[in-house]
Amino acid sequence: MTTTDDSPETESLHYVADVDEITDGDRVIVDVEGREIAVFNVDGAFHALSNYCIHQGGPACEGLISGSLEVDDEMELTYDSTNKVVSCPWHGWEFEIESGEHLAPTDYRLPTYRVVVQDGAVYLDSY
Amino acid sequence: MGKQTTQTETVTSLEHLETVVDSDFHLSEQQDDFLSYLPSPFHDMLFHESRDIPMGYLKDFYPTAGLLTPVATGNVEMNKVRSQADIIEGKDLLNVDRAIVTPTLNLYLGGVHHDDLAAALAHAYNEWVLDEIYNPDEGIYGPVVVAPQKPQEAAAEIEDRAGEDGIVSVFIPSGGVHPPLGNEQYFPIYAAAENAGLPVQLHSASGTQMLSFPLQFHGSNRYLSNHAPTHAMVHMTHLTDMITRGVPVRFPDLDIVFQEAGLGWVPYMTRRLDNEYSEKRSDAPMLEKMPSEYVDDQFYFTSQPVEGAKDPDYIGPIVGLMGPDNLMFSSDYPHLDFDHSDYLFSALRSNFESSDVANVYGQTALEIYDF
Ligand code: FES
């Protein structure tokens, strides 16, 4: 989740990158106290996910960022081309970037982190 | 790894084990790696260093089912494993001491339609791995790969290679092989392996399997070799296809009953499907829950021919795993392999509540059939 609220205690913020360094559809990965966290830009909104795959520990956020194959009401195949899914490069588990949820099964998820945008920079909160 | 286990130590991780062996660690060989080793006449015909086709025209000789896979779509970046350094990196990643290295492109060798070329490709692959890949000092071992299409050549290949450093087995790419591997035409391969003291590894490939799936039944010439796998294999295919194409999603009130295939394949198949769906959701994007949940909710299985009924360690767990509510007693009487109604019952009653047993023996049928 992105917030532009500038109230949180600054010491809990961890600098990630300047806003214009994370272009739409891309990500940067930072090491925060030994944990790798990826910050994605999806359509101008920033989302942070753990880079440690819940399947078998692969670098989940380093994989392909893509849309997803879906079906419409008639069960015809459609492709949602919004770049909102990241696929773990090890076995292809697909995670929705905004929620960290695995597309199937949805009760698995990558941990998400709060992102704060302040003065043109992107920060992780609570670190 | 490398640490001695002592009697008092509990083994809680790989670290405690003396040696960790990965017995199926794949190369991702491409034509550039081994084509220069092709024997004539194929070398003269096919090896042109000037040809610059990234995926390799060699791929044309190997059959493909044309499937849309996570590798094809780029969702999975299969690590390149084409050198000893790549293997050492992989072994470190996996924490293994020894790797038995097996092919990828040449998994499809059993389906190559040009028999002589298949044997030549196997030969070239072996030349390459012995020259550049296998290295016992680095814990890198592997098989002699043979083309089952040419058993005499395969036997000669085994004899020639058996004593070489790093060779630990004989590898038959078994997907798509026709006739099945019990046919006497393959006996020279087994004789050569036995003489050399090498085990035979069979490794199938999903892309080739279905190419000769019905043919393989024509090729198996014993009743047992047909009958034991047939019912379960056919139902595995139908069940997977129905779920993947959304039959239970489109027809949520439909109950589907599979008959005469026994029990053990059901828990196997539901778990296999759940695993695979987690990796390949775009093959079935209409699913709203896990494949196993559709099986739980809409699929039923009749019991005959029950396997393992005399084994108390088998029936309880297997029926528990498939879900006693999805199982309905059947006898198949008077067919040869019919089950007497007592047969399953005595195995069930010691393991399940009477209500479960009652469901298996009739309540479930009462619900799903329009009596
Ligand atoms: S480790 Fe990420 S999909 Fe398997």
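Letters A, B, ... are given to chains in the order of the sequence lines, protein chains preceding strands, and every chain is numbered from 1. Quick caveat: nothing in here was measured; it's all calculated off a predicted structure.
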TODO: Inspect the surroundings of CD in B:E89 and state if more than 12 heavy atoms from other residues, nucleotides or ligands are less than 6.0 Å away.
DONE: no

TODO: Ignoring hydrogens and angles, state whether a donor on the side chain of A:Y52 or A:R35 is under 3.5 Å from an acceptor on the partner side chain.
DONE: no

TODO: Could you tell me whether the side chain of A:N41 reaches within less than 4.5 Å of the side chain of A:V122, counting heavy atoms only?
DONE: no

Open item on the list: As an exercise: rank B:N75, B:D274, B:L93 by heavy-atom pairs under 4.5 Å with chain A and give me the winner.
Closed with: B:N75

Open item on the list: For A:L77, which atoms come within 4.5 Å of any heavy atom of chain B: side chain, backbone, both, or neither?
Closed with: side chain

Open item on the list: Within a 6.0 Å radius of atom CZ on B:R245, are there more than 12 heavy atoms belonging to other residues, nucleotides or ligands?
Closed with: no

Open item on the list: Does any part of the side chain of A:V28, heavy atoms only, come nearer than 4.5 Å to the side chain of A:E21, both counted from C-beta?
Closed with: no

Open item on the list: Quick check on A:H102 against chain B: is it the side chain, the backbone, both or neither that has a heavy atom closer than 4.5 Å?
Closed with: side chain

TODO: Write out, in numerical order, the residues from residues 317-325 of chain B with a heavy atom short of 4.5 Å from a heavy atom in chain A.
DONE: none

- [ ] Identify whether the distance between the nearest side-chain nitrogen and carboxylate oxygen of B:K80 and B:D86 falls below 4.0 Å.
- [x] yes

TODO: Please name the residue in the list A:S99, A:P111, A:C61 that meets the side chain to side chain contact (heavy atoms under 4.5 Å, CB included) test with A:L49.
DONE: A:C61

- [ ] Just say parallel, tilted or perpendicular for the rings of B:F258 and B:F301, cut-offs at 30° and 60°.
- [x] parallel

TODO: Check each atom of B:M290 against the heavy atoms of chain A and say whether the ones under 4.5 Å are side chain, backbone, both or neither.
DONE: side chain

